[in-house]
Novice: 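Submitted below is the structure of interest, expressed as structure tokens.
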Amino acid sequence: MDKPYVTRIRKYTLSEVNCKVYDSDLSMRTLSTPSPALICPPNLPGFQNGRGSSTSSSSITGETVAMVHSPPPTRLTHPLIRLASRPQKEQASIDRLPDHSMVQIFSFLPTNQLCRCARVCRRWYNLAWDPRLWRTIRLTGETINVDRALKVLTRRLCQDTPNVCLMLETVTVSGCRRLTDRGLYTIAQCCPELRRLEVSGCYNISNEAVFDVVSLCPNLEHLDVSGCSKVTCISLTREASIKLSPLHGKQISIRYLDMTDCFVLEDEGLHTIAAHCTQLTHLYLRRCVRLTDEGLRYLVIYCASIKELSVSDCRFVSDFGLREIAKLESRLRYLSIAHCGRVTDVGIRYVAKYCSKLRYLNARGCEGITDHGVEYLAKNCTKLKSLDIGKCPLVSDTGLECLALNCFNLKRLSLKSCESITGQGLQIVAANCFDLQTLNVQDCEVSVEALRFVKRHCKRCVIEHTNPAFF
């Protein structure tokens with residue numbers, strides 16, 4: 001009697017089947033079909049889709065790279081695969097969603113996760129490359145090879161418009177420490193419609209790369225280079241200045257500029273920035289420790305539209321600098337001079353007299369400020385909503401009383417480590433500023449009864465304190 005038929009069929013091992021799958025996948029990759037960029041470190045698991053992680057990531061170089069993949073095949077047609085395949089399961093719940101809902105979900109994903117989604121199936125591939133999802137590129141991670149990732153992504157996005165990515169408006173690569181001038185040059189060359197660039201903490205970029213971006217991206221309005229210690233100036237390249245007309249040759253469209261922790265920025269650099277970026281409305285110069293009052297004078301001459309300005313921890317800024325800042329007059333709404341140790345009541349009087357529409361003032365650590373400065377501020381800036389005078393030991397209940405009787409719209413008040421403040425001053429504030437939302441009295445000698453009084457009168461107020469008896 002013959003043996004059963006099934007015994008004459010060759011049994012393939014799992015490794016042989018995988019080889020067949022790999023060969024079939026390679027046969028589908030063509031140069032004519034652009035593919036998405038997968039941006040993920042090889043030591044991390046791939047995108048999970050209910051059946052385990054993907055095996056497309058490379059681990060040869062031992063670093064994060066941008067890899068190229070073709071759109072996933074719709075089905076496997078090899079006869080051996082049909083023998084080994086499992087019975088088809090029911091359609092996943094997420095696959096029942098319409099396209100517009102899937103696009104909306106994808107819009108919340110960072111760029112690297114969006115590229116992983118493009119590897120799931122052909123439908124997800126097409127949805128993941130919807131132009132509406134690529135107005136913004138967001139990359140995160142200290143180990144990611146940002147230069148290569150930007151090159152691959154921009155190449156894919158330039159498919160319909162060769163060498164130009166017209167849809168991309170925002171690039172955020174904050175904290176990607178491996179970003180270099182090469183990556184910024186890629187952005188400058190391919191993204192003429194760029195409006196927002198955030199490269200905070202990318203300390204390997206230099207002035208030349210920033211110049212390229214602002215010269216080749218004329219619509220750039222928001223630039224964050226905080227923590228980029230090599231950046232000392234914002235200007236056009238020489239070639240760009242020559243090509244533009246004399247009337248507009250020095251104009252840059254930037255309105256928001258954050259240069260926090262750019263330690264080597266000096267007065268001359270700020271002079272150049274002000275002369276080129278005359279449309280500035282928001283400028284943050286925290287911990288630019290080399291700046292002096294002279295730099296602020298240049299700033300006010302050229303940038304008369306500034307609404308928000310921070311010179312916190314600029315230890316050489318004094319009352320003379322505040323006199324220059326006061327020339328911004330009613331346009332100034334936000335001012336931070338925290339830990340500017342040379343500022344006294346004289347500088348506060350300048351600001352209070354001319355900047356009557358000031359809404360926010362941070363003067364923490366300005367130990368030269370007394371009750372007289374607070375009184376003058378309260379009587380002239382009656383629309384003040386947020387005030388930080390923490391670590392000002394010469395401010396007492398007298399100053400708080402003037403503040404409470406004039407600034408009824410006060411919402412945030414910080415008195416941290418004000419040694420002369422007592423519970424009586426807090427009660428006067430609570431009795432007049434009903435909209436108070438945040439009160440910081442840490443390290444202040446105030447009683448539990450005073451804190452309870454504040455809580456009764458300002459029911460929405462969150463009190464930060466160091467009194468263990470109050471809870």
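Here the structure is a predicted model, which means the values were calculated and not measured.
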Novice: Please identify each residue that fulfils side chain to side chain contact (heavy atoms under 4.5 Å, CB included) with Ile105, with sequence neighbours left out.
Specialist: Leu97
Novice: Taking side chain to side chain contact (heavy atoms under 4.5 Å, CB included) as the definition, give me every residue that meets it alongside Cys303, ordered by chain and number, with sequence neighbours left out.
Specialist: Ala274, Leu280, Leu299, Ile306
Novice: For Gln189, enumerate each residue passing the side-chain hydrogen bond (donor to acceptor under 3.5 Å, both in side chains) test, keeping only those at least two apart in sequence or located in another chain.
Specialist: Tyr185
Novice: Applying salt bridge (Lys or Arg N to Asp or Glu O under 4.0 Å), can you list everything that pairs with Glu198, at least two apart in sequence or on another chain?
Specialist: Arg196
Novice: Residues two or more places apart in sequence or in another chain: which of them pass ring pair (Phe, Tyr, Trp, His ring centres under 6.0 Å) with Tyr298?
Specialist: His271
Novice: Under 4.0 Å between a side-chain nitrogen and a carboxylate oxygen: does that hold for Glu169 and Arg135?
Specialist: no
Novice: Taking only residues two or more places apart in sequence, or in another chain, which ones meet Arg333 in a side-chain hydrogen bond (donor to acceptor under 3.5 Å, both in side chains)?
Specialist: none
Novice: Holding to salt bridge (Lys or Arg N to Asp or Glu O under 4.0 Å), I want the full list of residues that pass it with Glu308, two or more places apart in sequence or in another chain.
Specialist: none
Novice: Scan residues 251-267 for pairs that pass salt bridge (Lys or Arg N to Asp or Glu O under 4.0 Å), counting only residues two or more places apart or in two chains.
Specialist: Asp261-Arg287, Glu266-Arg290
Novice: Applying ring pair (Phe, Tyr, Trp, His ring centres under 6.0 Å), name anything that partners Tyr360, two or more places apart in sequence or on another chain.
Specialist: Tyr334
Novice: Run the ring pair (Phe, Tyr, Trp, His ring centres under 6.0 Å) test against Phe211 and tell me which residues pass, sequence neighbours left out.
Specialist: none
Novice: side-chain hydrogen bond (donor to acceptor under 3.5 Å, both in side chains) with Arg138: which residues, sequence neighbours excluded?
Specialist: none
Novice: Got a sec, which pairs hit side chain to side chain donor-acceptor pair (under 3.5 Å) with one end in residues 97-110, sequence neighbours left out?
Specialist: Asp99-Arg123
